[in-house]
Each structure stands twice: as C-alpha cells, then as structure tokens.
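Each chain gets a letter, A, B and so on, in the order the sequences are listed, and its residues count up from 1.
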Amino acid sequence: MPTRRQFLKYGVAGALLLAAAGAARGQPVSRPAHGAEPLAVLGMRDREVLAAIVPTILAGTPAAGQPVDAIVDGIDRAVAGLPLHLQAEVGQLLALLASWPGRRWLAGVASAWRDASREEVARFLEAWRFSRWALLQQAYHALHDLTLAAWYARPESWPAIGYPGPPEVK
Amino acid sequence: MIRDPIREGLAAGWKVTDAATLERDLTLDADVAIVGTGAGGGVTAEILSAAGLDVVLIEEGPLKSSSDFKMLEAEAYPQLYQESAARKTLDKAITILQGRCVGGSTTVNWTSSFRTPEATLGHWRERFGLGALTAGELAPWFERMERRLAISPWTVPPNENNALLARGAAKLGIATAAIRRNVTGCWNIGYCGMGCPTNAKQSMLVTTIPAALEHGARLVCGARADRLRLRRGRADAVECAGLDARGVHATGRRIRVHAKHYVLAGGAIGSPAILIRSEAPDPHRTVGRRTFLHPTVISAALMPQRVDGHAGAPQTIFSDHYLERAAVDGPIGFKLEAPPLHPVLFAMTHQGFGPPHAESMSAFTHAHALIALLRDGFHPQSAGGIVGVRDDGSPVLAYPLTPFIWDGVRRALLAMAEIQFAAGAKSVLPIHERARPYASWAQARAAIAALPLEPLLTGVVSAHVMGGCGMADAPARGVVDIRGRHFHLENVSVHDGSVFPTSLGVNPQLSIYALTARNATALAEALTGKAPRGE
C-alpha cells in the first residue's frame, strides 16, 4: 500500500502533469477531426493514440487485424455523451499520452504511437493496470472500459461470443 | 403491436415540456415542485396530484418510453443512466449505476422487490430515534404500493443464471428464496436494465407518472435542478438549467419554478447535492454524510452447460444466509443475487485485456455470475461516504473502502466461489485484477485468501445509493425528520433513497415506494388541510 505521503506526492505531481497536458491544448477535449461527424469530440492526436491502443486491448477478438476507425469512432461518440467533467478527464489523458513526455516517461513507450508494437503497448497497459499510482490505474480502467464497450456494443462482435442480440418484440 | 402509454398520453395532451426545445426561459407556479421522477418523485406526484394539488415535476433526464427501448446497451446507457452508466466514486474505485430519465432508476432497475427488513428498522429505532417506523406502521403502505405496482411472487422458473444460485446453495445447505417482482404480463426476456420494451415492468414511467399527468401535473424533462433559492428558512424557487437533447450541455435556457412546497427526489447523490449547491443550513454537517452503496463484488464462473445470462428475468433468486449469520451491526454481511449478463457491461466488468479477455468473452453464453451486496452503515466502522460538488456543480461521492468493508469482500468472494463450484462450475473468476480463473474450490479458496483487496484492483460496483439526507429524531443525527421534512427549511421535504439512515440490506425500490407513500400522504394532508381520499 502506498503511504498517504506517497499518494499526496504522486497525486499532486500527476495532477500537475495532467493539468499541463490539458492546458497546453487550451481546452479539455481537442477540436473535432476534420470531416468527423458533428458529435465527435476527439481530435486527430487523440485518435492516433487510441488507434495504437485499441488493437492491443482487442487482441484475440475478431476486431484484431481490422481497421480501428469504426471502434475509435464508437469511443468518440461515447465520450461525446459523457458529462463534461468526464470528457475533460478523457481529453487530458489522451493529451498526456499524445505528448512526448507522457508517452516516453509515463507510459514508457519509446516508439511514436503509430510505430509502437503490440508488445510495447501491452507492457504499458500492464504497468498502468498494476501501478501503485492511483491516477495511472484510473487511466488504465478508462482505456479498458472505453475500448471494450465500443467493441462489444457493435453487433459484429456478437457472433464470436454467441450473443444472439436482442429478441424481436412486436 | 405494443401500446406505448407515454406516446398516447402525449398525443392526448399531457403537459410535458422538453427543456431542450425551449426558446426562452420558463417560469412556472405550482403548489408543489418535485425534483426527480424516480421511485420517490413518481409516488409523490401521484399522491399529491390525486389530492388536488397542482404539481410540477422536474427531471434531468429525457422522457423515453417503450417505443424507444431497443434493448441495445449502446443506446440505453447514455440515454437512461447517470453519466452513461460510467458514474464512479471520487477515487474511481466503485462504479455506480443510477437511472437518469423519466422514471429514474425504476425505468432501468431489475425489478427486485423487498420490504425493509425488520433488523434494519430495529437499528433505526435504536440509533436514530425512528421508533414510529415499525413493521406494523409500514405494513399498510407496503401493501398499498405492492398492489399499485403489481408486486408479487414470480412463478416462472428462474433462468439458468439464477437457478445456479439456488442449486449451488442447496448443495451447501444454504437457503435461497424467490424474489418478488413489479411486473404484469412479463415476457421473461431479460432486458429490464435497458428500459422495458413491453411495459410489463411497473416502473414509475408507466404507473404513477402517467397518473399524475392525467391529474394535470406538469412535467419538465431535460432540466437539471441547480439550486433552491432560500429566504428566511424557506425555499421560494427551484432554479434549473435546460439541457441539450443528449443531456450533456446546458442550453442557456433557465427554468424557474415557484411553489408552496418543494420535494427533493433526485436520488441519494442528487438530492444532497441540491442542498449543498443551495447552501442550505447544515449546522451539524449532516448533509451528504452517511451515504451508502451496498458495495457489491462479483464472481464470474464458467459452466459446462449454456447459461445465457442475458435471457430471462434478471434477478429472481436471492440468499440472505450471509446477512443472517451475524448481528446487523457485527462484521459486515452480504446478500447474494444473480445479475443479468449483457456484452458491454460484462466486457467492461471483466478484468484484463487482449487474448485472456477475448477467451473469457468467447464463453459468454456459458458464463454465470453472482453478486454479493454488502450491507453498509450499521457498524461504527461503516460510516459510508460523503457527497460533495465539483467546481462545475456536478455531484461526486467520496466513499472510502475500509478494512471493515474489505473483510466482507473477501468472505463474499469466497462464499460465491464455493456456491459456484457446488453448482458445477468448471472454473471461477473473482472480478479482481490479480485473479485468474481457478479450476477448483481448493485452488480458488487459497487464491482468494491471498488476493490484495485494494481499490482499483478489486471490482466494486453499486446500484443502490442510499443516505445523505438521513432521517432522524434530531437535527444532530440527520437532515430530515421521520416524515421527510427538512429540519431547517420549513417547506422542503426529501422523498427518495437519500433519507435512509443506513443501507437497507435489500434492493431499495419498495422501501422508497412505501416510505414515500406514507410521507407524501401526510404532506398532502398538511398542504390541503384534509385527509386524502382512500385509494
């Protein structure tokens, strides 16, 4: 168990880092990607980070090996429906990961996101999952939940798990 | 073709305003303004409007009905739940499921109906001076609401997910029983959590709210109550923000309702938050304190046979064995139930990622799950959480998971695994980041005994938020009196799960219905000066 002092130290450091990452962009969530549907809230840099992470979380499902755009779009729509305080948190997390110090120092991913291997991404996710720093554990859960929800919300994910979809009600 | 009573009522001229469509600010006058349309707001609206009072209902969420309920998680969670079903405690260690739509959580709950246990009432009598709330005093109110909402034994055989709880427990000599449900003509399809598509569930959406609207009550949905405007110990308005169609952004339109009396029924995070934002008197610092969750842990199992946990009535069997083994204020006890399993919620709840996660998901139709709901709030070491508001005014609950709770969590994970193996599980997976599927009870027992029980490693959820505006006999111990009247604001009442001074030890809807029926009837009498008509 981290001590209270450690928690405070990490907590403050983490909050400052996140605030810096968010402030650097001037707004909680970056502008919609060009051409994206109007409800979208994620920017190109956010999408690039997600495009690197999604295939690792979904490895072993039929989503693996397919283009991730549709799933990233699903995440985008889900984030757009969240209350603004949560949108801001997701925006800060993705901004942090998109930044060089965030990726290199906090996530420990040496390659640019578009070049990162599945192994590198998996190591980063595992490290955050079991981090002693609550902020990183929370961030892991956010990536886990957003990605898996976006995939299993899609009817194309259902055959592989035997879920027949909702019954007909008339 | 299934009738949609809401669309019919709207066509017939019910007075419903969607605040998203307002082109200018709106000011309304009424006898009573009710904030929230869930179990508390719905019952209050029906009783007050039947007594001839002019009622305005204010709801943060949208008005959706059976024609909208498509049984799709991707639509239901953002539309019908607080924070898209991603509401969490401050440290993000507990996920909270609460409705945000007309009908509140009753529109999306799993229909489990229990009277308030005697042990709970006894504790309230001893510790909170609520001696008048005896089982005998409440019995007529329970009977009235059970009749109103068709609460009755569910005689259809349980689905396999629930039957496994009954069979596993029976092998171990652990008693289980059937859960009563508030349904009429239920199709037994299993999508209660996404809004009932057949109107079988007797939620507030299809019972008390239509009745109130028939009596002339007005409903403003898509309006978030920001604060009560207070003057000299009274409220003289409730001020609300209009929200856009998705309920995310404020539109800038304001809704103000002036009333003789105000009833807060925004649920056990929403109601204390309104009092906090209103800067209501709180001399004993009781507002938002003692908020309880029935912290809930989960055990998944892989069965050799198909379980199809998505199909069939979701919660029909329970066991109180582990609640009854110790005194109510002893080591924390827990209730066992079997939840519905749908892909999105199951995938999010399931730990890990990549191939191990995908492999578990591929056995989705053979997955069985049990939940243990811990009865918090009775022991001195179980003081619950504290509701506060963020800078933007949104509410948040800080709920510390203490060693007292973790002790119960470990016992609960053990109890569920034992039952699942007794029911024939090939493997059992406690929902915990450090756990993996265990192939035998002996292996699971050893592993669970060694699991580090910490926030964010242990999966903890809640669908039962209670407390925060607790009832008591004196202001030092609560926020409202035994009738739900605010101790310091003479024309403000609280009618929802936030008035419970502890958790209940049972799924809360029926306790809220009955207590609200009692308190709303007394309020109608006080406001009209005459005893309400019988039913």
*Would you say B:His357's side chain and A:Leu58's backbone share a donor-acceptor pair under 3.5 angstrom?*
no
_With heavy-atom distances below 4.5 Å as the criterion, would you say the side chains of A:Tyr152 and B:His342 are in contact?_
no
*Any idea which heavy atoms bring B:Met348 and A:Ala149 closest together, and the distance?*
SD-CB, 3.6 Å
*Is B:Lys92 paired with A:Glu89 through a side-chain N to carboxylate O contact shorter than 4.0 Å?*
yes
*asked:* Determine whether a donor-acceptor pair (N or O, by modelled atom type, separation under 3.5 Å) exists between the side chain of A:His141 and the backbone of B:Leu456.
replied: yes
*asked:* Looking at every non-hydrogen atom in both residues, tell me the closest pair between A:Gly162 and B:Thr365 and how far apart they are.
replied: O-CG2, 3.4 Å
*Can you name the closest pair of heavy atoms from A:Leu148 and B:Ala347 and give their distance?*
CD1-O, 3.6 Å
_Residue, of B:Gln351, B:Glu433, B:Glu83, that accumulates the most heavy atom pairs under 4.5 Å with chain A_ = B:Glu433
*What are the two closest heavy atoms between B:Leu457 and A:Gln137, and how far apart are they?*
CD2-NE2, 3.8 Å
*Judged by atom type as modelled, is there a donor-acceptor pair below 3.5 Å linking the side chain of A:His85 to the main-chain atoms of B:Asp391?*
no
*Decide yes or no on side chain to side chain contact (heavy atoms under 4.5 Å, CB included) for A:Leu84 and B:Val248, but give the supporting numbers first.*
CA-CA 7 Å; A:Leu84 297 177; B:Val248 174; 3.8 Å; yes
*Closest approach of B:Tyr191 and A:Pro166, non-hydrogen atoms and distance?*
OH-CA, 3.5 Å
*Could you have a look at B:Ser84, B:Pro356, B:Gly352 and say which one has the most heavy-atom pairs with chain A under 4.5 angstrom?*
B:Gly352
*For A:Trp151, is it the side chain, the backbone, both or neither that has a heavy atom under 4.5 Å from a heavy atom of chain B?*
neither
